[in-house]
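Working notes, beginning with the structure itself.
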Amino acid sequence: EDDAVPSKAFGRRVRAAVTAAGDAGADVLYLGYIQGAPWAGEAAKGLKEAMYLWTTVSYVIWPRGARRLLERLPVDCPVDNFMAWQMSQRHIRALAVVPELVDQEGE
């Protein structure tokens, strides 16, 4: 994204968040987001399991998550809505860093 703004804690927290999310079986880890539904639970310290998140300002996707999204083609809406729908239907396991590590400029 050309309007992503990393937090001051980004460099200090991102590596641990990615490692913990991978260990927790994440398909996608959102570093920045707009929460559209309550959390499904806590996956690890500082990581919540998401039911619906908007925006794709900053995320990490694992190969398994990419394959799962490709299995759901075609994309018939904006990609952030597509990904949010897939997580809400439990086709992908999406985790989010709390608090966010990236914000969208102007948001």
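Keep in mind that the numbers below use all heavy atoms, side chains included, and drop hydrogens, waters and symmetry copies.
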| field | side chain to side chain contact (heavy atoms under 4.5 Å, CB included) evaluation trace for F10 with V5 | value | CA-CA 10 Å; F10 184 89; V5 181; over 6 Å; no
| query | Given V98 and W39, is the side chain to side chain contact (heavy atoms under 4.5 Å, CB included) satisfied, shown in steps? | reply | CA-CA 11 Å; V98 178; W39 300 118; 3.8 Å; yes
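Taken to the nearest 0.5 Å, the CZ atom of F82 stands 11.0 Å off from the CE atom of M87. In this structure, the separation between CZ on R90 and CD on E49 is 4.5 Å, given to the nearest 0.5 Å. Taken to the nearest 0.5 Å, the OH atom of Y33 stands 14.5 Å off from the CE atom of M83. Note that CH2 of W54 is 10.0 Å distant from CD of Q35, once rounded to the nearest 0.5 Å.
When all heavy atoms of E100 and R13 are compared, the closest pair comes out as O-NH1, 4.4 Å. The two residues R64 and D27 come nearest to each other via the heavy atoms NE-OD1, 2.6 Å. Across all their heavy atoms, A26 and L95 have their closest contact at CB-CD1, 3.7 Å. Across every non-hydrogen atom of A84 and L53, the tightest pair is CB-O, 3.2 Å. Contact between W62 and A21 at its shortest, heavy atoms only, is CH2-CB, 3.7 Å.
The closest side-chain heavy-atom distance from H91 to R72 is below 4.5 Å.
Annotation: W85, atom CH2; neighbour count of heavy atoms from other residues, nucleotides and ligands within 6.0 Å does not exceed 12.
Of the listed residues (L101, V14, L31, V102), just one forms a side-chain contact (heavy atoms from CB on, under 4.5 Å) with S7, and that residue is L101. Among I92, L29, T56, V28, the single residue meeting the side-chain contact (heavy atoms from CB on, under 4.5 Å) criterion with I61 is V28.
Note on V57: it clusters hydrophobically with L47, by side-chain heavy-atom contacts below 4.5 Å among ILVMFWY residues. Linking Ile, Leu, Val, Met, Phe, Trp and Tyr residues whenever their side-chain heavy atoms come within less than 4.5 Å places V79 and L70 in a single cluster.
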